[in-house]
Amino acid sequence: MPPSALVGGRKGESFRFTILTDGLFRYEWAPDGDFEDRPSAFAASRHQCSVPDYRLVESDHSIEIFTERFHLTYNKAKFTPEGLFVRVYGHLGTAWRYGEVHETLGGTYRTLDGVNGRVQFEPGVASRYGFANIDDSSMLFNDNGFIAPRKPGPDRVDSYLFCYGHDYRDAVKALYRVSGPQPLLPRWALGNWWSRYYEYTADSFLELMDTFREKRIPLSVAVIDMDWHWVRDPRVAEAKASGWSGYSWDTNLFPEPRQFVEELHKRNLRVTLNEHPADGIAKYETMYKKMAKVLGHDTSHGDPIPFDITDIDFVQAYFSILLKHIDDDGIDFWWTDWQQGTHSSIPGIDPLWVLNHFHFLHNKHLQRSRPAEERSHPMVFSRYAGPGSHRYPIGFSGDTITSWDSLAFQPEFTATASNIGYGWWSNDIGGHMLGSRDDELTSRWAQLGVLSPIMRLHSTKNRWVTKEPWKLPTGSGQGPQDVVVNFMRLRHRLLPYLHTMNRRAAEYGEPLIQPMYWEYPERDEAYGVPNQYYFGSQLLAVPITSPQNRSTKTGKVKAWLPPGTWVDFFTGVVYDGNRSMWLSRTLDKVPLLMRQGAIVPLDGSLEGTNGAANPQGFEIIVVAGADGSFDLLEEDESAADAADNLPWVKTSISFEQRRGILTIGPNRSGALAYSRTWSVRFLGMRNPNGAAVSIDGVATSSYSVEPVENGTLVNLGRIAPGETAIVFLGPDPALAINDPEALIYPILFEAQVGIQLKEKIDDIIRPKDVPASLRVTQAAALDMDEDLRHILNEFFLADSRS
């Protein structure tokens, strides 16, 4: 760190401040004057922060530091609430004082193992008080890149104060500056994962993957849980081992491991294996003797080689010998399933930190060692170890209890994690264990999974618990099976959007999922909808996480619609914003909203295929009514360089409301410079007759316009490399006005309520040109289920033009 960033720390001084940004500083107390300059697991990029402008006022007995965001006062004595305090500009009602604890808006939690419902979040860096404190007790890195413990002493202090007021997004970006950014995920990690704790064989697992393919349900990642290695073999019992740790394929189940992995790769699937490393290396493991020789372990009694991730010799052998012989079979990354707490042979060092760090570096080296066409961005799959863990995606949130309470907490859990920069949680979608079979619960959970950072279906080893979609009942396109299949297909259609957001997260510090209060910090309503979140820059997700009403056959969720006009992604229904309201949906739908001017690119394939290849065509979802733009970003996957970098290709898409013009392109790229099909869905528009299309300034007739359920679809055909397509809608195009009768009738028809009540409601909804306020008043006079009344009010009042 440049000296000008430091205040204190001179000879004879026990205090030191480091000004890292205009809203972030580090404060240390070292009684012996020996301060810590090595990077920590949390502050791995501290030395890369540039020095901000600040003003220092110092006397013999006091220090004052002024930046654009805060004013620090300190009396040069041992830290106390009276002697060290900070006022954040704009939040002068409450000062931060050393040692006092103030609530933050939450961060995340190490694991949801055995949790049924809510947990108490660990702190994040966003707080309504305007400041948030992070204590750094994480491990250190030496000059050789290996780990080191903290210097002993109970009086030492090493902490960071974030002083960003209600600029929560900026606070998290400051976290990334001091800790390091979220890495870019491989594109395939954003597709559907199949995961189940189950004793598969090579044949049964491949048969399962083929069934997914035959039923046109796309997958991108195949997870083989712990039964890939020896668990029930007599040698395991003889060695008095638990069977949880293992580093040798069970060749009774997988007789040709390399061939098995190759077959999965041929199906365009990436492969991961689960490991529980804590028990060490037993004598029956293939690499036991080789590991023992390298580590000097006595094998005469057949004792296991202890697992010690804090020993540099063990770490080197662990990756270069023990894991390498499995890596050589072609697996793409490891699922590190550490459940054994925070203690290691070195006091203060959490083994999970060490596993995550070196597994990530190992996978990075592994990817670079493979042929260019097989490489991908490095990643690991493991648990959260504390602030700074975002550098090791993807997070495994633990063994979830199968219940509505668990589902109800997961959206908040995932969104709140962004307050500590942890943007890539993978939850057990559908629930891992216990609970009861509930096909509606499975359906709603799958919908949430598709609108989550990672979509990984999972379940435990129980013949009665499984997540294969075809084992769910179907029902005229709206049954649980249909819901799960359709949403899994949608997940792969969303890959162009998700991968663009992946780049945004890595480069600009914008997590995929963001709580509502990031965008509206001064609106109390934004804090009252913890399960509602932005899903990337263009979508607003409001998942349904409670059982449906058996009378109306709908689920509901209370939402807050921010200012503006919003359109539902699935239905095309238009909503006035700046209000709270109940949103109700049948099982096949969930509220997913786009603001006027929003643009979302989808893969043009309606069903998708395995893997996550760049699309052969696109469907662009557009909401007219305001100007908007979106840069679609793709990686040229055929052109990886030696540093594991792939060139990016940008296709700009923009909409100009005044002239009613959508512009696509041009697309200029190497391997991606080929003709692709394009279509545009104008969400919430019902006037298809006025559209016209030109390619590179020349009007064309080779397009079609058709009304669809949620808007108007314009098929443009193929667009060649370098060409620009323009769709003309005419000046100032307007969204269609909702038809309350058309929206209410299908739900009312299916509702299990009295026929006379339906007739009375029909008398209210059928007449045209009746003010919404009168309809609401008429409905209020009827005796009915409150959820049915919510449905009527939603569609009567959704659009003030109705």
Side-chain angles (χ1 to χ4, degrees), residues 111 113-114 195-202 205 223-257 260 271-311 313-329 331 334-345 350-352 354-356 358-359 362 380-383 396 398-399 432-433 460-462:
T111 178
D113 283 344
S195 174
R196 187 186 182 195
Y197 174 32
Y198 197 73
E199 197 173 68
Y200 288 108
T201 65
F205 195 88
V223 180
I224 297 92
D225 211 319
M226 64 171 259
D227 283 316
W228 67 273
H229 60 70
W230 299 111
V231 175
R232 288 175 179 76
D233 189 89
R235 292 173 297 170
V236 177
E238 178 190 343
K240 298 179 181 178
S242 69
W244 284 91
S245 295
Y247 301 96
S248 308
W249 287 93
D250 182 340
T251 50
N252 292 326
L253 302 177
F254 302 93
E256 297 290 342
F260 168 67
V271 185
T272 184
L273 305 179
N274 173 284
E275 64 153 340
H276 295 83
D279 289 350
I281 303 99
K283 63 181 181 179
Y284 54 80
E285 298 287 3
T286 305
M287 293 290 114
Y288 176 72
K289 289 185 177 180
K290 192 170 183 179
M291 288 284 291
K293 182 178 180 180
V294 170
L295 296 173
H297 177 76
D298 181 4
T299 62
S300 60
H301 299 288
D303 296 332
I305 301 171
F307 174 84
D308 187 357
I309 201 67
T310 62
D311 179 84
D313 293 329
F314 180 85
V315 170
Q316 290 173 345
Y318 175 76
F319 288 107
S320 65
I321 298 174
L322 188 62
L323 297 190
K324 184 180 184 301
H325 88 288
I326 304 295
D327 292 333
D328 289 345
D329 289 328
I331 71 162
W334 285 93
W335 173 7
T336 306
D337 202 349
W338 179 264
Q339 299 170 288
Q340 284 72 35
T342 60
H343 297 288
S344 68
S345 60
D350 182 345
L352 183 57
V354 192
L355 280 163
N356 289 350
F358 287 109
H359 259 282
H362 172 70
V380 294
F381 185 35
S382 187
R383 298 171 192 263
F396 165 50
D399 297 335
H432 172 72
M433 60 186 181
T460 191
K461 186 190 293 188
N462 187 311

A.B. asks: Test of understanding: with ring pair (Phe, Tyr, Trp, His ring centres under 6.0 Å), list the residues that count as partners of W249, not counting sequence neighbours.
C.D. replies: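 Testing W249 for ring pair (Phe, Tyr, Trp, His ring centres under 6.0 Å), a comparison that skips the adjacent residues, returns W228, F254.
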A.B. asks: Between V231 and V236, is a side chain to side chain contact (heavy atoms under 4.5 Å, CB included) present by the stated rule, with each step listed?
C.D. replies: CA-CA 7 Å; V231 175; V236 177; 5.9 Å; no
A.B. asks: Looking at every non-hydrogen atom in both residues, tell me the closest pair between R196 and D225 and how far apart they are.
C.D. replies: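 In terms of heavy atoms, the two residues are closest at O-CB, 3.5 Å.
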A.B. asks: Can you list the residues that meet the side chain to side chain contact (heavy atoms under 4.5 Å, CB included) rule with I321, with sequence neighbours excluded?
C.D. replies: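 I321: side chain to side chain contact (heavy atoms under 4.5 Å, CB included) contacts with M287, K290, M291, V294, A317.
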A.B. asks: Atom CZ of F260 and atom OG1 of T201: how far apart are they, to the nearest 0.5 Å?
C.D. replies: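 Here the interatomic distance stands at 8.5 Å.
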A.B. asks: Check side chain to side chain contact (heavy atoms under 4.5 Å, CB included) between T336 and all other residues, then give those that pass, not counting sequence neighbours.
C.D. replies: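 Scan of T336 (side chain to side chain contact (heavy atoms under 4.5 Å, CB included), adjacent residues dropped) gives E275, W334, L355, H359, S382.
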A.B. asks: Output every pair passing salt bridge (Lys or Arg N to Asp or Glu O under 4.0 Å) with a member in residues 234-251, not counting sequence neighbours, ordered by first then second residue.
C.D. replies: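 Every salt bridge (Lys or Arg N to Asp or Glu O under 4.0 Å) pair that includes a residue of residues 234-251, provided the two are not neighbours, is D233-R235, E238-K283.
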A.B. asks: Nearest heavy-atom pair of A278 and S245: which atoms, and what distance?
C.D. replies: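 That would be N-OG, 3.6 Å.
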A.B. asks: To the nearest 0.5 Å, what is the distance between CG (N462) and OH (Y198)?
C.D. replies: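 Answer for the CG-OH pair, N462 versus Y198, is 9.5 Å.
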A.B. asks: Please name all residues satisfying side chain to side chain contact (heavy atoms under 4.5 Å, CB included) with S344, sequence neighbours left out, ordered by chain then number.
C.D. replies: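 For S344 the side chain to side chain contact (heavy atoms under 4.5 Å, CB included) partners, ignoring immediate neighbours, are T310, I346, I349, P351.
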A.B. asks: Please name the pair of heavy atoms, one in D350 and one in G341, separated by the smallest distance, quoted to 0.1 Å.
C.D. replies: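 Scanning both residues, the minimum pair turns out to be OD1-O, 3.8 Å.
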A.B. asks: S320: what forms a side chain to side chain contact (heavy atoms under 4.5 Å, CB included) with it, not counting sequence neighbours?
C.D. replies: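 Not a single residue meets the side chain to side chain contact (heavy atoms under 4.5 Å, CB included) criterion with S320.
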A.B. asks: Nearest heavy-atom pair of S345 and D308: which atoms, and what distance?
C.D. replies: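 Taking S345 first and D308 second, the nearest heavy atoms are OG-OD1, 3.0 Å.
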A.B. asks: Could you tell me which residues satisfy ring pair (Phe, Tyr, Trp, His ring centres under 6.0 Å) with H276, sequence neighbours excluded, listed by chain and number?
C.D. replies: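 Only W244 meet the ring pair (Phe, Tyr, Trp, His ring centres under 6.0 Å) criterion with H276.
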A.B. asks: Looking at I326 and L273, what are the two nearest heavy atoms and their distance?
C.D. replies: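 For I326 versus L273, the nearest heavy atoms are CG2-CD1, 3.5 Å.
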A.B. asks: Using modelled atom types only, decide if a donor and an acceptor are shared between the side chain of H325 and the backbone of Y247 within a distance under 3.5 Å.
C.D. replies: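 Looks like yes, one N/O pair under 3.5 Å.
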A.B. asks: Without swapping roles, check the side chain of E199 against the backbone of D227 for a donor-acceptor pair under 3.5 Å.
C.D. replies: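 No, because the side chain of E199 does not come within donor-acceptor range (under 3.5 Å) of the backbone of D227.
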A.B. asks: Decide if atom NZ of K293 counts as having more than 12 heavy atoms of other residues, nucleotides or ligands within a radius under 6.0 Å.
C.D. replies: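 No, not enclosed.
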A.B. asks: Identify, with sequence neighbours excluded, every residue that meets ring pair (Phe, Tyr, Trp, His ring centres under 6.0 Å) alongside H432.
C.D. replies: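 Testing H432 for ring pair (Phe, Tyr, Trp, His ring centres under 6.0 Å), a comparison that skips the adjacent residues, returns H458.
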A.B. asks: List the residues meeting salt bridge (charged side-chain N to carboxylate O under 4.0 Å, His left out) with D337, not counting sequence neighbours, and say none if there are none.
C.D. replies: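 For D337, the residues satisfying salt bridge (charged side-chain N to carboxylate O under 4.0 Å, His left out) (neighbours in sequence not counted) are R383.
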A.B. asks: Among pairs that include at least one residue of residues 281-304, which meet ring pair (Phe, Tyr, Trp, His ring centres under 6.0 Å), considering only residues two or more places apart or in two chains?
C.D. replies: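 For residues 281-304: none.
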A.B. asks: Under the salt bridge (Lys or Arg N to Asp or Glu O under 4.0 Å) definition, can you give me all pairs with a residue in residues 317-329, not counting sequence neighbours?
C.D. replies: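 Every salt bridge (Lys or Arg N to Asp or Glu O under 4.0 Å) pair that includes a residue of residues 317-329, provided the two are not neighbours, is R258-D329, K324-D328.
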A.B. asks: Do side-chain atoms of T286 reach the backbone of S248 as a donor and acceptor pair under 3.5 angstrom?
C.D. replies: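 It does not hold such a pair.
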A.B. asks: Quick one: list whatever passes ring pair (Phe, Tyr, Trp, His ring centres under 6.0 Å) with F381, sequence neighbours left out.
C.D. replies: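 W193, W335, F396.
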A.B. asks: Just do the side chain to side chain contact (heavy atoms under 4.5 Å, CB included) check on I281 and F314 with the steps written out, would you?
C.D. replies: CA-CA 11 Å; I281 303 99; F314 180 85; 3.7 Å; yes
A.B. asks: If only side-chain N and O atoms count, and only distance matters, is there a donor-acceptor pair under 3.5 Å linking S300 with D298?
C.D. replies: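 Judged by distance alone, the side chains do pair up.
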A.B. asks: Would you call L352 and T342 a side-chain contact if the rule is heavy atoms closer than 4.5 Å?
C.D. replies: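 Answer no - side chains too far apart.
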A.B. asks: Is a side-chain N or O of D399 found less than 3.5 angstrom from the main chain of D113, in a donor-acceptor match?
C.D. replies: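 No; judged by distance alone, with no hydrogens or angles, the pair does not exist.
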A.B. asks: Give, for atom CD1 of I224 and atom OG1 of T272, the distance between the pair rounded to the nearest 0.5 Å.
C.D. replies: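 Between I224 CD1 and T272 OG1, I get 7.5 Å after rounding to 0.5 Å.
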